[in-house]
Amino acid sequence: MAKHTVLSSGAKLWRSLACAKSELRLDLTLACGQSFRWRETAEGHWTGVIGGRVWTLTQTDDTLWYHIYQSLDRQGETSGWEKGAGVSLQLENKSDNRFKEAVKKEEEEPVAVTPVHQDTKEDEEMLRDYFQLNVKLGDLYKEWGAADHHFKHIADIFTGIRMLRQDPTECLFSFICTSNNHISRIQGMVERLCQSLGAPLGQLDQTSYHNFPSLSALADTSVEARLRDLGFGYRARFLQQNAKQILVTHGIQWLEGLRSAPYLQARDALRTLPGVSTKVADCVCLMSLDKAEAVPIDTHVWQIAKRDYNYGSGNGQKTITGELHRDIGDFFRQLWGPYAGWAQSVLFCADLKKFRNLKEMLHMKRPKKKENDEEELTVAGKKRKIKKEKIDSVKNIKVKAGHHKKAKKSA
DNA sequence: GCAAGACCTGG
DNA sequence: CAGGTCTTG
């Protein structure tokens, strides 16, 4: 049976490119909630799908290493996948007919075949494109840190977090699943989505890999019922409706075409889709459509704005509504500049529970009095924190009545 | 424009 | 309740 590879198993299977950890941290970038499909398959080794092929990535201090597994089409040639049968066998075991049909449909479509000669240059370019390595993250960190003291503080530990340049279809349909939901469940849902409707790419150890489903696979009318069975809840309808709507009214190239549209135009276009409001549209813009200025505002980011930036406006409101949404985005764009969305992802990542151990290191580095006090208040218990926020919100309502928009810009 | 409620599911 | 969206009032 084919296995996930590791760097120590023999360097000849690996290719590399120069890349400092200040430019890219795989562990943070691939697990901070922008893509839901990467898994750490061995210590420091991340396996996932890029461009219809399965890759394992790892890094050392100044080098990014990558291995691309041989695709199913070349089964039996040399190393790589188990001799093909593994995946097909697995599919036969499913008794659900609709399941088979959908997969069959996928299989009939042409699948990208890896050329026999290994085109190192193209592969490297694909990787550079996926990680947007032409963007000099170190320079951006310096700019953000110079403009924003709090960012600089966080950035001491949370280095190398950059935006992926994801496939727009995968990005859109994955983020439709994020509403009213949490990361661990989203990961499972996206995985089931791919296994159910995506073209199989092969199997490594106990894990089978699939392409993200095509629009036509998602558009089939049987999809909603299938996805409900897979635990997608009310989002099942959104996924199917969207795929159909995009294909019928816009065409298959529409999403990619939005890469060349201005940010707000692309976002408004996405917002016409059912289940896609400002937040999800911003995620898709930032993570797949080259809109670095897009700042997705969710309740979590709103908390960050209030807690770390003393952001006052909107404290009287219960939910993130129109104007508030735009204002918070503008606030961060003014603070960080045209790559505000990238900067936001750093703070977002630093706030994830799964990286709490990393964040602890910040206290070791800076035993500042004031900040310790604030942390204690936060850690001490929810009730006290809530009380404090309520007091703040009362204050801010008064402020808001007076100065409204000018107050926050001074920050 | 904003506020409620509903919406699937599971930790 | 959770990293939200849609529908009403």
Side-chain angles (χ1 to χ4, degrees), chain A residues 28 30-37 161 163-164 166 171-193 196 223-242 245 267-288 294-308 311 313-329 332 341 343-356 382-383 385-386 389 393 397 400-401 404-405:
Chain A
L28 300 178
L30 296 179
C32 68
Q34 46 176 323
S35 168
F36 302 99
R37 296 231 283 154
I161 300 170
M163 296 315 304
L164 304 172
Q166 298 188 63
C171 192
L172 171 63
F173 287 83
S174 296
F175 275 91
I176 288 171
C177 300
T178 63
S179 76
N180 214 344
N181 215 343
H182 47 270
I183 287 184
S184 61
R185 185 170 165 226
I186 297 165
Q187 282 182 338
M189 286 166 62
V190 173
E191 189 171 315
R192 292 196 293 280
L193 180 66
S196 170
V223 163
E224 177 180 351
R226 165 97 35 107
L227 294 183
R228 278 191 180 268
D229 287 345
L230 292 176
F232 279 68
Y234 61 89
R235 306 168 195 84
R237 180 155 33 100
F238 290 149
L239 296 179
Q240 191 274 333
Q241 279 181 334
N242 273 321
Q245 184 170 324
R267 189 176 73 170
D268 284 343
L270 292 171
R271 276 160 46 96
T272 65
L273 302 169
V276 180
S277 191
T278 312
K279 191 265 174 182
V280 167
D282 271 332
C283 286
V284 178
C285 281
L286 174 65
M287 301 172 188
S288 73
V295 182
I297 309 295
D298 52 28
T299 52
H300 199 168
V301 172
W302 189 20
Q303 297 308 313
I304 292 177
K306 288 191 287 192
R307 184 194 64 201
D308 299 328
Y311 184 86
S313 141
N315 258 354
Q317 289 168 245
K318 272 211 147 177
T319 56
I320 303 173
T321 53
E323 191 189 14
L324 178 59
H325 194 117
R326 197 201 54 205
D327 281 357
I328 298 177
F332 282 126
Q344 177 262 10
S345 77
V346 176
L347 295 192
F348 187 90
C349 180
D351 244 40
L352 290 174
K353 276 179 196 160
K354 69 165 90 168
F355 296 128
R356 173 161 288 184
K382 273 188 179 172
K383 288 184 181 174
K385 193 188 171 191
I386 289 170
E389 280 178 0
S393 68
I397 286 171
K400 188 182 173 186
H404 196 44
K405 289 185 181 175

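All figures in this text were calculated on a predicted structure; none of them were measured in a lab. As a basis for the values below, the full set of heavy atoms in this structure was taken, side chains included, without hydrogen atoms, waters or symmetry mates. Numbers restart at 1 for each chain; the letters A, B, ... are given by sequence-line order, proteins then strands.
Counting all heavy atoms, side chain and backbone alike, A:V284 lies closest to A:L172 at CG2-CA, 3.6 Å. Closest heavy-atom contact between A:Q344 and A:V295: CG-CG1, 3.8 Å.
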side-chain contact (heavy atoms from CB on, under 4.5 Å) between A:I176 and A:L239: does it pass, once the steps are laid out?
CA-CA 7 Å; A:I176 288 171; A:L239 296 179; 3.8 Å; yes
Evaluate salt bridge (Lys or Arg N to Asp or Glu O under 4.0 Å) for A:D351 paired with A:R307, printing each intermediate quantity in order.
CA-CA 12 Å; A:D351 244 40; A:R307 184 194 64 201; 3.0 Å; yes
Apply side-chain contact (heavy atoms from CB on, under 4.5 Å) to residues A:Y234 and A:S179 and explain how you reach the verdict.
CA-CA 10 Å; A:Y234 61 89; A:S179 76; 3.0 Å; yes
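Distance, A:M189 CE to C:dG4 C1': 12 Å, rounded to whole Å. The nearest whole Å value for the distance from the CG atom in A:D282 to the C1' atom in C:dG4 is 13 Å. Atom NZ in A:K279 sits roughly 7 Å away from atom P in C:dT5 (whole-Å rounding). Nucleotide C:dC6 holds its P atom 10 Å from the CD atom of A:Q241, rounded to whole Å. Atom-to-atom, CE of A:M287 to C1' of C:dG3 comes out at 10 Å; the value is rounded to the nearest Å. Straight-line distance from the CZ atom of A:F175 to the C1' atom of C:dA2: 15 Å, rounded to whole Å. The separation between A:L352 atom CG and C:dG3 atom P is 9 Å, rounded to whole Å. Separating the NE2 atom of A:H300 from the C1' atom of C:dG3 is a distance of 8 Å, rounded to the nearest angstrom.
Across all strands shown, C:dG3 forms no Watson-Crick or G-U wobble pair with both distances under 3.5 Å. When both pairing distances are held under 3.5 Å, B:dC8 makes no Watson-Crick or G-U pair with any nucleotide shown.
The backbone N or O of A:G33 sits nowhere less than 3.5 Å from a side-chain atom of A:Q187 that would complete a donor-acceptor pair.
If A:V276 and A:F36 are placed on DNA chain C by their nearest nucleotide, the residue sitting closer to the 5' end is A:F36. Residue-to-nucleotide proximity on DNA chain B shows that, of A:L324 and A:Y234, the 5′-proximal contact is made by A:L324.
Under 4.0 angstrom from either OP1 or OP2 of C:dA2 there lies no side-chain N or O belonging to A:S179. Between A:T321 and B:dC2 there is a side-chain N or O to OP1 or OP2 distance below 4.0 Å.
Nucleic acid contact class of A:P274 (heavy atoms, under 4.0 Å, all strands): sugar-phosphate only. Nucleic acid contact class of A:V301 (heavy atoms, under 4.0 Å, all strands): none. Using a 4.0 Å heavy-atom criterion, one finds that A:L273 contacts the sugar-phosphate atoms exclusively.
Comparing atom distances between the A:K318 side chain and each of B:dC8, B:dA4, B:dC2 picks out B:dA4 as nearest. Nearest to the side chain of A:D298, among C:dG3, C:dT5, B:dC2, sits C:dG3.
Here A:D282 does not pair with A:R271 in a salt bridge; the nearest charged N to carboxylate O distance is not below 4.0 Å.
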Shorter than 3.5 Å, N or O on both sides, protein versus nucleotides 9-11 of chain B: list them out with atom names.
from	atom 1	to	atom 2	distance (Å)
B:dT9	O4'	A:R185	NH2	2.9
B:dT9	O2	A:R185	NH1	2.9

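If you look at A:F355 and A:F348, their ring centroids are not closer than 6.0 Å.
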